[in-house]
Undergrad: 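Pasting a structure below so you can have a look.
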Amino acid sequence: MDSVLAGAAGWRSGPPVGRSAEEVLGGLPWLRHALDEALTGTDGLREDAGQEQRLSAVVVPVFGEDGTQLGACARLRKSELPGPEAAREPQALCPGAAEERRAREHLEHQTSLLRATFDSITDGVIVVDLARRITAFNKRFQEMWGLTDAMMEERDAEKALASVEPWVTAPAQFIAFIRQGFEPSSAYRDYIVELRDGRVFECGSIPQMLGDAIIGRIWSYREVTAERQALAEQGRLLAAEHEARERLEESFALLDTFLNHAPIALGFIGRDLRCLRINDALAALHGRRREDDLGRTVREMTPQLAPIVEPLIRQVLDEGIPIIGLNMTGEGPGTSGEQRHWNVSYYPVRSASGTILGVGAVVAEITEEYRAQAERDRLLREAEEAIRVRDDFLSIAAHELKTPLTPLKLHLQMLKGQADASGHVVAPRHVDKALAQLARLSVLVNDLLDTSRIQAGKLELTTEPIPLREFIREVLSDFRGTNSLHSLWFEAPDEPLVIRGDRARLAQVLANLVENAFKYSPSGGTVRVTALRMGTEACVSVKDEGIGIPKEEQAHLFERFFRARNAPISGFGGLGLGLYICRDIIERHGGRIWVESEVEHGSTFHFALPCL
C-alpha cells in the first residue's frame with residue numbers, strides 16, 4: 001500500500017504488510033467492499049466524495065499464468081471537489097463536459113487494468129516503435145536485464161541494447177536478431193538468448209499494429225533456465241541411460257556367450273530369488289530349456305531342493321560371504337527315485353559400489369564321479385574279500401592236502417616194514433586206510449580241476465534220460481555201511497520220475513550233499529533223502545540234523561571258496577568248492593539249487609531239475 005492510500009484510509013500504525021484488509025482499510029469501507037468483489041474475479045471503478053476531495057479507485061483481480069487468481073489490485077486517485085458556483089451550474093448547460101469526464105474515467109479504468117495486467121505477468125515485455133524508442137515495458141523486463149530506471153526513462157532502445165550486450169554469451173548474433181526486428185515486418189520471430197551468468201531466455205517477437213499499419217515491435221522474454229537445465233539433465237540422463245543400457249547389453253551378450261559355452265551349470269539369481277540368467281547346462285539339470293527357467297523363482301525351478309537351497313542363497317545375500325564346494329544329493333526332474341549328486345558354489349555378485357545385486361550359482365554334477373567312486377569302493381571291497389578268500393583258501397588247501405598225506409605216509413611205511421620182514425603178511429587195514437586217504441586226495445584234486453573247468457567254461461556234460469528213483473538208490477548204495485554214526489533213509493517218489501542229465505555229474509552233486517550231511521552232523525543222526533514231483537520239476541532234498549547254517553551266510557554258500565563261520569577247519573575238512581561246483585552243474589542242467597537251515601537244527605539242501 002502506497003502513502004496516498006494509507007493517508008486516505010487513515011492508517012498510522014506502521015507497515016500494513018501482513019495486516020487484514022478490514023483493519024487497514026477501516027477508513028475506506030467502500031474500497032474494502034470493492035476489493036472483496038475483485039477477489040471474486042470482478043473488476044470495476046468506484047468513487048467516494050469527502051469534504052474537500054473526490055476519491056476514485058480502479059479495482060482489478062490479478063491472475064497467474066495458469067489462470068489461478070492470485071489476489072486483487074486497487075489504484076486510488078484523489079481530485080478537488082468543484083466550487084459552489086460550479087456546483088450550482090445546471091447539468092443541462094454542459095452535457096459535453098459530463099460525457100468527456102465519463103470517457104476519461106473509462107480510459108483511465110482500461111489503462112489501469114492493462115497496466116496491472118502488464119505488470120503482473122511473469123514474462124518480461126518491451127515495446128519499441130519504428131523510431132527505436134521504447135514506448136512500454138514492465139518491471140519484469142527491467143529486472144531480467146538489470147536495467148536502471150534512469151536508462152529506461154531515456155527510452156532509447158539502442159542504448160538499452162548496448163547496455164545488455166556484455167551480458168550475452170553470443171552478443172553479435174543477439175544484436176543482429178534485435179536490429180532485424182526494428183525493421184517493419186509482420187513475421188513472428190523467436191530466439192534463444194544465453195547469458196553469461198548461466199540464465200537462458202526464450203525470446204518471441206511480434207509486430208505492434210495500429211489498424212493495418214505496423215507502428216512498432218513487441219518483444220517478450222521468458223526465463224527458461226530451469227526448463228533448459230532440466231532438459232539438458234534429462235538429455236544427459238537419457239544419454240547415460242542409453243550408454244549404460246548398451247554396456248549392459250554388451251555385458252549380458254558376453255555373459256550369455258560365456259554361460260552358454262561353459263562346460264558346467266551356471267546361473268545368476270536376483271535378490272528376489274528369481275533367475276535372471278541361466279545357461280543350458282543348469283536348465284537341463286531342472287529338466288527344462290533355458291528360456292523356460294528365466295524369471296522363475298528357486299522354488300519353482302527346484303521344488304525338491306528349495307528347502308535346502310533358499311536358506312543358502314539368502315545367507316550369501318545377507319552376509320556377502322561365498323559358499324564354495326558344497327556337496328548336495330537329491331532327485332532330479334525325470335529321474336524319480338534315482339539319487340543324483342552335485343557340487344554347488346554360491347558367490348555374491350556386487351555392483352561397482354559394492355552393493356550385492358544377487359548370487360551367482362555354479363553347479364557341477366558329480367553323479368558319475370559318485371558312482372565311479374562307489375564302484376571303486378565296491379571293487380576294493382571285493383578285491384579285499386578276494387584276497388581274504390584266497391588266503392583262507394590257501395590255508396585250507398594246504399591243511400586239506402597235508403591232512404591225508406601224513407597218515408598215507410605212515411601206512412605206506414608200515415606196509416613197507418611189514419613187506420621187509422620175511423614171513424609177515426601185509427595187514428589189509430593199513431591198505432584200506434591208505435586207499436581212503438588217496439581217495440580223499442583225489443576228491444580235493446578233482447574239485448580243483450572242476451573249478452578250473454567251470455571258470456574256463458569247459459565243464460562238459462553228456463546227457464541221457466535218467467530214471468530218478470533208481471539213480472538215487474544207486475548213488476546212496478555207496479554210502480551204506482560206511483558210517484556207523486549216521487543212518488541214511490531214502491523216501492522214493494510215488495511215481496516214476498525221469499530227468500535228462502549227465503549221470504556222473506548229477507551223482508557227484510548228490511554224493512557231495514550226502515557227504516556234507518554226514519560231515520556237518522558230528523553227533524550223528526538220520527540223513528533223509530527225498531524225491532518228489534513239483535509241477536514240471538523233480539525235486540531232490542537232503543536233510544540232516546547237524547550244526548545248521550547262520551541266516552546271514554546262507555546266500556553265500558554256493559560261492560567259490562566260501563565256508564560257514566561256524567564250521568571250523570578242524571574236523572570239517574574241505575576247500576569250500578563242493579557247493580560251488582554243485583550249483584554250476586545243476587544250473588547247466590537247467591535246474592536250481594537252494595538251502596533251508598537253522599543253526600543247531602540242521603539243514604536241508606534241495607535241487608530241482610526239469611522232468612521229461
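Residue numbers count from 1 along this sequence.
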Undergrad: Looking at side-chain heavy atoms only, is the closest gap between P171 and P166 below 4.5 Å?
TA: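 No, too far: nothing below the 4.5 Å cut-off.
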Undergrad: With a cut-off of 3.5 Å and sequence neighbours excluded, list every side-chain donor-acceptor pair involving residues 203-219.
TA:
from : atom 1 : to   : atom 2 : distance (Å)
S205 : OG     : R217 : NE     : 2.6
R217 : NH1    : S185 : O      : 2.6
R217 : NH1    : A187 : O      : 3.4
R217 : NH2    : A187 : O      : 2.4
R217 : NH2    : S205 : O      : 3.3

Undergrad: Measuring from atom CG of L379 to atom CZ of R381, what distance do you get when rounded to the nearest 0.5 angstrom?
TA: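 Those atoms lie 9.0 Å apart.
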Undergrad: Under the side-chain hydrogen bond (donor to acceptor under 3.5 Å, both in side chains) rule, collect the residues that match up with E154, sequence neighbours excluded.
TA: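 side-chain hydrogen bond (donor to acceptor under 3.5 Å, both in side chains) list for E154, sorted by chain: K159.
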Undergrad: Show me the pairs that pass salt bridge (Lys or Arg N to Asp or Glu O under 4.0 Å) and involve residues 191-203, at least two apart or across chains.
TA: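 For residues 191-203: D197-R199.
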Undergrad: I need the L326 CG to I308 CD1 distance, nearest 0.5 Å.
TA: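 It comes to 9.0 Å.
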Undergrad: Does some side-chain heavy atom of I269 sit less than 4.5 Å from a side-chain heavy atom of L317?
TA: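 Answer no - side chains too far apart.
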Undergrad: Decide side chain to side chain contact (heavy atoms under 4.5 Å, CB included) for M1 and L25; before the verdict, give the C-alpha distance in whole Å, the side-chain angles of both, and the deciding distance to 0.1 Å.
TA: CA-CA 10 Å; M1 186 168 69; L25 300 178; 4.2 Å; yes
Undergrad: Minimum heavy-atom separation for P61 to A38, with atom names?
TA: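 Taking every non-hydrogen atom into account, CB-O, 3.3 Å.
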Undergrad: Side chains of residues 272-282: which donor-acceptor partners sit under 3.5 Å, not counting sequence neighbours?
TA:
from : atom 1 : to   : atom 2 : distance (Å)
D272 : OD1    : R274 : N      : 3.2
R274 : NH1    : G295 : O      : 2.8
R277 : NE     : D256 : OD1    : 2.9
N279 : OD1    : L266 : N      : 3.0
N279 : OD1    : L282 : N      : 3.0
N279 : ND2    : L259 : O      : 2.9
N279 : ND2    : I264 : O      : 2.9
D280 : OD1    : R290 : NE     : 3.0

Undergrad: Can you tell me how far apart CD (Q315) and CD1 (I321) are? Round to the nearest 0.5 Å.
TA: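 Atom-to-atom, Q315:CD and I321:CD1 are 8.0 Å apart.
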Undergrad: Grab the two heavy atoms, one from S163 and one from A160, that are nearest each other, plus how far apart they are.
TA: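 The answer is OG-O, 2.6 Å.
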Undergrad: Distance from L35 atom CG to C73 atom SG, nearest 0.5 Å?
TA: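 That separation rounds to 8.5 Å.
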Undergrad: For F201, run the ring pair (Phe, Tyr, Trp, His ring centres under 6.0 Å) check against W145, F177, Y191 and tell me which one passes.
TA: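 With F201 as partner, ring pair (Phe, Tyr, Trp, His ring centres under 6.0 Å) holds for just one option, W145.
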Undergrad: Using 0.5 Å steps for rounding, measure from the CZ atom of F182 to the CG atom of D129.
TA: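 CG of D129 is found 9.5 Å from CZ of F182.
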Undergrad: My understanding is that only residues two or more places apart in sequence, or in another chain, count here; which of them pass salt bridge (charged side-chain N to carboxylate O under 4.0 Å, His left out) with R189?
TA: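 Not a single residue meets the salt bridge (charged side-chain N to carboxylate O under 4.0 Å, His left out) criterion with R189.
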Undergrad: For T40, give me all partners under side chain to side chain contact (heavy atoms under 4.5 Å, CB included), at least two apart in sequence or on another chain.
TA: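 For T40, the residues satisfying side chain to side chain contact (heavy atoms under 4.5 Å, CB included) (neighbours in sequence not counted) are T42.
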Undergrad: Show me the donor-acceptor pairs within less than 3.5 Å that the side chains of residues 358-373 make with the rest of the protein, sequence neighbours left out.
TA:
from : atom 1 : to   : atom 2 : distance (Å)
E365 : OE1    : R340 : NH2    : 2.9
E365 : OE2    : R340 : NE     : 3.0
E365 : OE2    : R340 : NH2    : 3.2
E365 : OE2    : T367 : OG1    : 2.9
T367 : OG1    : H341 : N      : 2.9
T367 : OG1    : H341 : O      : 3.3
E368 : OE2    : R371 : NH1    : 3.0
R371 : NH2    : E338 : OE2    : 2.1
Q373 : OE1    : R376 : NE     : 3.4
Q373 : OE1    : R376 : NH2    : 2.6
Q373 : NE2    : D377 : OD1    : 2.9

Undergrad: Answer whether the closest heavy-atom distance between the side chains of V193 and L195 falls below 4.5 Å.
TA: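 Contact flag for V193/L195 side chains = yes.
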Undergrad: Mind running side-chain hydrogen bond (donor to acceptor under 3.5 Å, both in side chains) on E22 and S20 for me, showing each step along the way?
TA: CA-CA 5 Å; E22 184 175 4; S20 68; 5.5 Å; no
Undergrad: Might you point out which heavy atoms bring E300 and P303 nearest each other, and give the distance in Å?
TA: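 Taking every non-hydrogen atom into account, O-CD, 3.9 Å.
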Undergrad: Does some side-chain heavy atom of V309 sit less than 4.5 Å from a side-chain heavy atom of M328?
TA: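 Yes, their side chains come closer than 4.5 Å.
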Undergrad: State, with a plain yes or no, whether a side-chain heavy atom of D123 is found less than 4.5 Å away from one of R140.
TA: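 No; the side chains remain at least 4.5 Å from each other.
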Undergrad: Quick check: do R133 and D156 have side-chain heavy atoms less than 4.5 Å from each other?
TA: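 Side-chain contact under 4.5 Å: yes.
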Undergrad: How many angstroms lie between OG in S345 and CG in L312, if you round to the nearest 0.5 Å?
TA: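 Spacing of OG (S345) from CG (L312) equals 11.0 Å.
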Undergrad: Check whether any side-chain N or O of R75 sits under 3.5 Å from a backbone N or O of V60 as a donor-acceptor pair, and report yes or no.
TA: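 Judged by distance alone, no pair lies under 3.5 Å.
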Undergrad: Applying side-chain hydrogen bond (donor to acceptor under 3.5 Å, both in side chains), name anything that partners D293, two or more places apart in sequence or on another chain.
TA: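 So D293 forms a side-chain hydrogen bond (donor to acceptor under 3.5 Å, both in side chains) with H286, R288.
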Undergrad: For residues L31 and A57, report the shortest heavy-atom separation together with the two atoms involved.
TA: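 Here L31 and A57 meet closest at CD1-CB, 3.8 Å.
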Undergrad: Verify, without hydrogens or angle tests, whether E143 (side chain) and G124 (backbone) share a donor-acceptor contact under 3.5 angstrom.
TA: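 Answer holds: no.
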Undergrad: Could you give all pairs that pass the ring pair (Phe, Tyr, Trp, His ring centres under 6.0 Å) test and reach residues 10-42, with sequence neighbours left out?
TA: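 Ring pair (Phe, Tyr, Trp, His ring centres under 6.0 Å) check on residues 10-42 returns no pairs.
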Undergrad: Show your reasoning for whether side chain to side chain contact (heavy atoms under 4.5 Å, CB included) applies to F174 and T169.
TA: CA-CA 9 Å; F174 176 66; T169 57; over 6 Å; no
Undergrad: If you look only at pairs with a residue in residues 342-360, which of them pass as a salt bridge (Lys or Arg N to Asp or Glu O under 4.0 Å), with sequence neighbours excluded?
TA: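 The answer is none; no pair qualifies.
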Undergrad: I need the full list of ring pair (Phe, Tyr, Trp, His ring centres under 6.0 Å) pairs touching residues 290-322, with sequence neighbours left out, sorted by first then second residue.
TA: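 Output for this query is empty, none listed.
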Undergrad: Yes or no on side chain to side chain contact (heavy atoms under 4.5 Å, CB included) for M152 and F141, after CA distance, side-chain angles and deciding distance?
TA: CA-CA 11 Å; M152 299 307 293; F141 172 81; 4.2 Å; yes
Undergrad: Would L161 and R132 count as a side chain to side chain contact (heavy atoms under 4.5 Å, CB included) here? Give the steps.
TA: CA-CA 11 Å; L161 182 60; R132 303 188 183 185; over 6 Å; no
Undergrad: Is the shortest distance from a Lys or Arg side-chain nitrogen in E375 or R378 to a carboxylate oxygen in the other one below 4.0 Å?
TA: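 Salt bridge between E375 and R378, a charged N being under 4.0 Å from a carboxylate O: yes.
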Undergrad: Heavy atoms only: give me the nearest W342-L305 pair and the separation to one decimal.
TA: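 Closest pair (atom of W342, atom of L305, distance): CZ3-CD1, 3.8 Å.
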Undergrad: Do the non-hydrogen side-chain atoms of L55 and L28 ever get within less than 4.5 Å of each other?
TA: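 Sidechains of L28 and L55: in contact.
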Undergrad: Can you list, pair by pair, the side-chain donor-acceptor contacts under 3.5 Å of residues 232-241, counting residues two or more places apart and other chains?
TA:
from : atom 1 : to   : atom 2 : distance (Å)
E233 : OE1    : R236 : NE     : 3.1
E233 : OE2    : R236 : NH2    : 2.4
E241 : OE2    : R245 : NH2    : 2.6

Undergrad: Are there more than 12 heavy atoms of other residues, nucleotides or ligands under 6.0 Å from atom CZ of R296?
TA: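 Buried by this count: over 12 neighbours within 6.0 Å.
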